[in-house]
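Encoded as structure tokens, the structure appears first; notes follow it.
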2 protein chains.
Amino acid sequence: MSEKTTIYDIAKELNITAATVSRALNNNPKISQSTRTLVLETANKMNYKQNKLALALRSGKSNNVGVIVPRINTNFFASVIRGIEEALHPEGYQVIICQSHEDKTREIENINTLLNAQVDGILMSISNLPKENNHYLERIIQKNIPLIFFDRKKEMDNVSSVIIDDYQASYQITRHLIEQGCDKIAFLSGDRTLEIYEDRFRGYQQALTDHNIEINEAYIIPIKSNVVEGRDAVDKLLALENPPNAIYSTSDFAALGAIQKLKERNIKIPEDFCVFGFGNEPFTKFMELTISTVDQAPLEMGKITAQVFLDKINSVEIKKTGKTVVLMPKLFVRQSSTRIRE
Amino acid sequence: MSEKTTIYDIAKELNITAATVSRALNNNPKISQSTRTLVLETANKMNYKQNKLALALRSGKSNNVGVIVPRINTNFFASVIRGIEEALHPEGYQVIICQSHEDKTREIENINTLLNAQVDGILMSISNLPKENNHYLERIIQKNIPLIFFDRKKEMDNVSSVIIDDYQASYQITRHLIEQGCDKIAFLSGDRTLEIYEDRFRGYQQALTDHNIEINEAYIIPIKSNVVEGRDAVDKLLALENPPNAIYSTSDFAALGAIQKLKERNIKIPEDFCVFGFGNEPFTKFMELTISTVDQAPLEMGKITAQVFLDKINSVEIKKTGKTVVLMPKLFVRQSSTRIRE
DNA sequence: CTGTTAGCGCATTCAA
DNA sequence: TTGAATGCGCTAACAG
């Protein structure tokens, strides 16, 4: 009862050989219908379960896919993972999740662990790394294991990516703030060595330029994605001789912190100061003062990332090219940035 | 370069046999220091990586541990997983995460998937099941795979659990609300077929009884853990002839929804109505009106759950007993229930 | 201390 | 259509 039955067990039961059983179980055409049904029946009766490990050892495929994210506890990453799961689970893949915690060392460890686990592919959103060489990523490619980036990518040969149009989102946010009458817009941004943040910076920059607003370097503040950094940023900004009248934060958490601090300073939102976040975390909708933000279509991003992986793994020819799928983000303009109602 | 080197490759290189290489690599005492270092050096030089799959097939251990949670995107479960990871990763275990989405069918699928993946253990928080038999859980035990429950458990032989003292937490919450002057306390609860919710109900009940307050069945409303259900519950409660003046919700999300709706109805919190949540979701601290809640020590719970698993797997004797570790929850009394300041 | 052998469970090649 | 033999990479028992 507690013993697992193998194809040998059912072969013995039927006085045939394991090879035949294997063929019957795998829809191999070279087998008679009668033995096939017989095998299937007894396999079922004996509660046979294929040993995936043996299969993996033999085929070199594990049917495991690794996912590496900076952290699991944001709505964005949790939802992307959900999307990946939903697309991959029906295909028989098991998803293994690792968190890098924005730490390069940990990220390399994650990769090693996943490679050890013989994953068939790695889907990842890279961490806030300093400008580093790609050795540890190239190891994946050399092993012929598909690597797909989502959201946070790095430019690499033969690697596909699924991202949103950060530039567009950023341009639209900045334009929106300008249209609301804000002419001094601060930019709280994650590490710009990551493409997403650089792209957002470019969108911000271009929108200002297009509206004849000069960039003020003092308004550009590097932050990490948490509440405290948003609070601290406001302190810095309000200490300026010429403080801003709007904040565009690339993190909802920092946007929240900023709003808290502005309120503590008795600055009225949105009348005196507008705030725009990024990521559409659930709490942005919950607040008494709802927070404007951008939805990054995480569920869709996950599903498409999974699909890109499946396409790669299932294509007969070895694809040596990488493609980039770009999703369109969607702005949710809420109270924290709405002065003018249409 | 892209080929993986095996112990045979390095054996051939050194004109020894694979067994010797294996021994050298595994710190087997029966080997000379000289060959050991020689093997280690060349293994390193040839970039040898142990094939975990072969190891798993041979040893019957996969070094994978499965974690099943209702959902990944709440602070509580994400943090428990983080705790599990932190304890298990250093021991060489890889954590595979599955979401049951509170769905029984999905939960059974998860278990099958994990068993197929030959996990060495399953750590799970069970879903909101109707009173069901345990067949699908007993399959795990029969396979001799350690099963540990955390937070949401089911009474089973030979199965350990790590939980918080839900009864105590609930008693303290209810007592606190009474001390704040609330004498009509509604109870929004998850499915009481789950022990945690039944325990919380008992705590609520006992506190009322101890303070000579009669239970009002109309105040007890079953909910799911989301914002909308909290809003709807308030509608129901305020439609009563004798509406309550406090809500204790076993879900922070429902507590949030309740607060939203109460505000919309111009009911003052905490002056006219107190609200207490459960789970210490981050947003409870973020709100303009901060929400009283209970911290379930998720990180600690994860670490201990992992430790219980390690103890079980590493013990020489086959432990046929299950123990239950009970953690003490911590109340965070915030604005939503604070009338009296000390 | 080291070599030989065998088997974990499976799928595939070669014969029949 | 089926059987026999083989190997995926590793380690443990046994023998030397």
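Keep in mind that what you see is a predicted model, and the values were worked out from it rather than measured. Each chain gets a letter, A, B and so on, in the order the sequences are listed, and its residues count up from 1. Keep in mind that the numbers below use all heavy atoms, side chains included, and drop hydrogens, waters and symmetry copies.
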Exercise for the section: Return yes if some donor-acceptor pair links the side-chain N/O of Ser125(B) with the main-chain N/O of Phe150(B) below 3.5 Å, else return no. Expected result: yes
Practice task
Select one nucleotide: of dA6(C), dC10(C), dG9(C), the one nearest the side-chain heavy atoms of Tyr8(B).
Solution key: dA6(C)
Exercise for the section: Run the salt-bridge test on Lys303(A) and Glu86(A) with the 4.0 Å N-O cut-off and return the result as yes or no. Expected result: yes
Fill in the blank from the handout: In whole angstroms, the gap separating P of dA15(C) from NZ of Lys30(A) amounts to 13 Å
Exercise for the section: Tell me, yes or no, whether the heavy-atom count around Lys49(A) atom NZ, taken from other residues, nucleotides or ligands under 6.0 Å, exceeds 12. Expected result: yes
Practice task
Answer yes or no: is there a side-chain heavy-atom contact under 4.5 Å between Pro70(A) and Arg152(A)?
Solution key: yes
Handout entry: Atom pair distance, as rounded to whole Å: CG in Asn27(A) and C1' in dC10(C)
Key = 16 Å
Fill in the blank from the handout: Rounding to 0.5 Å, atoms CD1 (Ile196(A)) and CD1 (Ile164(A)) come to a distance of 8.0 Å
Practice task
May I ask you to evaluate whether Thr35(B) reaches the phosphate of dT2(C), defined as a side-chain N or O under 4.0 Å from OP1 or OP2?
Solution key: yes
Handout entry: Protein-nucleotide distance (Lys61(A), atom NZ; dA11(C), atom C1'), rounded to Å
Key = 14 Å
Practice task
Could I get the full list of salt bridge (Lys or Arg N to Asp or Glu O under 4.0 Å) partners for Arg71(B), not counting sequence neighbours?
Solution key: Glu102(B)
Handout entry: Value in whole Å for how far the C1' atom of dT2(C) lies from CG of Leu38(B)
Key = 14 Å
Exercise for the section: Indicate, with a heavy-atom threshold strictly under 4.0 Å, whether Ser32(B) touches base, sugar-phosphate, or nothing. Expected result: sugar-phosphate
Exercise for the section: Find the distance Leu25(A):CG to dT12(C):P and express it as a whole number of Å. Expected result: 13 Å
Practice task
Classify the nucleic acid contact of Asn26(A) as base, sugar-phosphate or nothing, counting any heavy atom under 4.0 Å across all strands shown.
Solution key: sugar-phosphate
Problem - Spacing of Gln50(A) atom CD relative to dC8(C) atom P, expressed in whole Å - result: 17 Å
Problem - Contacting residues from residues 10-21 of chain B, given that a heavy atom lies under 4.0 angstrom of DNA chain C - result: Ile16(B), Thr17(B), Ala19(B), Thr20(B)
Exercise for the section: Starting from P on dC10(C), measure out to CG on Leu55(A) and report it in whole angstrom. Expected result: 9 Å
Problem - Between P of dG3(C) and CZ of Arg23(B), the distance in whole Å - result: 8 Å
Handout entry: pair Leu25(B)-Tyr48(B): side-chain heavy atoms closer than 4.5 Å
Key = yes
Exercise for the section: Would you indicate, yes or no, if dC10(C) has its OP1 or OP2 atom less than 4.0 angstrom from a side-chain nitrogen or oxygen of Tyr48(A)? Expected result: yes
Exercise for the section: Look only at the side chain of Asn26(B) and the backbone of Asn28(B), and say whether a donor-acceptor pair between them is shorter than 3.5 Å. Expected result: no
Fill in the blank from the handout: Bounded by its outermost nucleotides with an atom under 4.0 Å from a heavy atom of chain B, the footprint on DNA chain D reads dG9(D) to dA13(D)
Handout entry: Gln99(B) side chain near Arg82(A) side chain, heavy-atom distance below 4.5 Å
Key = yes
